[in-house]
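Note that the structure is predicted; figures quoted are calculated from it, not measured. We count ligands from 1, going down the list as the structure has it; atoms in each ligand are counted the same way.
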Amino acid sequence: MGVQTTVAGAGIFEAPVMGEPYLLTPGPLTTAYSVKQAMLRDWGSWDADFRAMTADLRRRLLALIGDTKGEFDCVPMQGSGSFCVEAMLGSFVPKNGKVLVLANGAYGLRAAQTMQYLGRAYTLIDKGDYLPPRGAEVAAALEADPSITHVLAIHCETSSGILNPVAEISEATYAHGRKLLIDSMSAFGAVPLEVNQIRYEAMVSSANKCIEGVPGFGFVIAKKAELESAKGNSHSLSLDVHAQWAAMEKTGQWRFTPPTHVVAAFIEALKMHEAEGGVAGRGARYARNRDVMVEGMRGLGFETLLANSWLSPIIVTFFCPADKNFVFDRFYELMKDKGFIIYPGKLTVVDSFRIGCIGRMDEHVMRRVVEAARQSLAEMGVADAAPPSEALQERSKLAA
Ligand SMILES: *Cc1c(COP(=O)(O)O)cnc(C)c1O
């Protein structure tokens, strides 16, 4: 077994198992030692002990949305986050429904691709690499097309790290009598999504993002009325949210083999989430991670794609420096040598990279990240991390 190490000044945050780099990625991410440790035993999936674990997990997740009226239920589903997005779309959008997909990055486009696979009607608002879909555009699209039944929004578009304006999207959706589905994969647990603040029918997230579990399943949180009326909608046996829900209500079990160890790890992660102060506590740590890291990187000359008001506490996109000596692959390796795995960028117009703020780490770790970036630039012979002028022109589109 690995040895637990401590970092001077890191408070309650242990370093990853010795020799492991920190994952500055949006999941899988760096998990607590106790989360990994929770996987060191076996459970029978049908046994009462595991059924109690499943019930505990559902109850703890539901507690995060402030559903005081008991209108919602939580349905865990095997697979990665995309399996849950597909399960949500296939289960809640009737075969004769039509979805307005709001895209400003890879995950919105993936949802549209999922609709294509499902063979169900959809229409797309594609804002490009990062510009946010706004309430007024949603309203106009819904007015123009009365056949649209649902709107699909991405909460934090992880490709750029933008926090999309889901509150105004929700208002526009319900003002026009349609239903909202949310992919809150990379935001849930750190950014509030309380049902008394933002109206929606269903949302999805997964085990390996802001709750800080390990990968292996996701979950749908939906109105019970939607779960009931979803019967018969799904194109897929294994991705049928209604069937999973009905079976779980009846037997307390997952329909097919659950990722037992992942569930055990997730319950430990949920306990740590609660001990940290729930969504507010987790969100505050991530925001601090972001603020310290962004300030330090800007101090080195790096520039963020987004203005401060659009930056999520999840992941931040930086432009690659214009300096000819800067080569991303080399920067990546130099950062990895120093114990930090960063993330390539996804912008199509200019070169970029991303640094995640989520996972089991705090501002002390983020200061070391900035120091590692400073050293890596020096080793590459990059004197100035300022981006090319095209990058700044690109960015000015958002302010407009
Ligand atoms: C991570 C993520 C997903 C799911 O990705 P998987 O690789 O299938 O886990 C979906 N949407 C968003 C916004 C995400 O960040």
Examine Lys346 relative to Tyr107 and say whether NZ or CZ is less than 6.0 Å from the centre of the six-membered ring and inside a 45° cone about the ring axis. yes
Exactly one of Val93, Ile221, Leu152 should register a side-chain contact (heavy atoms from CB on, under 4.5 Å) with Met88. Which one does? Leu152
Between the side chains of Glu143 and His176, is a donor N or O closer than 3.5 angstrom to an acceptor N or O? yes
Counting only N and O atoms by type, is there a donor-acceptor contact under 3.5 Å from the side chain of Arg368 to the main-chain atoms of Gly339? no
Close-range residues for ligand 1, whose non-hydrogen atoms fall below the 4.0 Å threshold: Ser80, Gly81, Ser82, Tyr107, Arg110, Ile154, Cys156, Thr158, Asp183, Met185, Ser186, Lys209
Anything under 30° is parallel, anything over 60° is perpendicular, the rest tilted; go ahead and classify His261 against Trp43. perpendicular
Mind checking whether Phe340 and Tyr22 have parallel, tilted or perpendicular rings, split at 30° and 60°? parallel
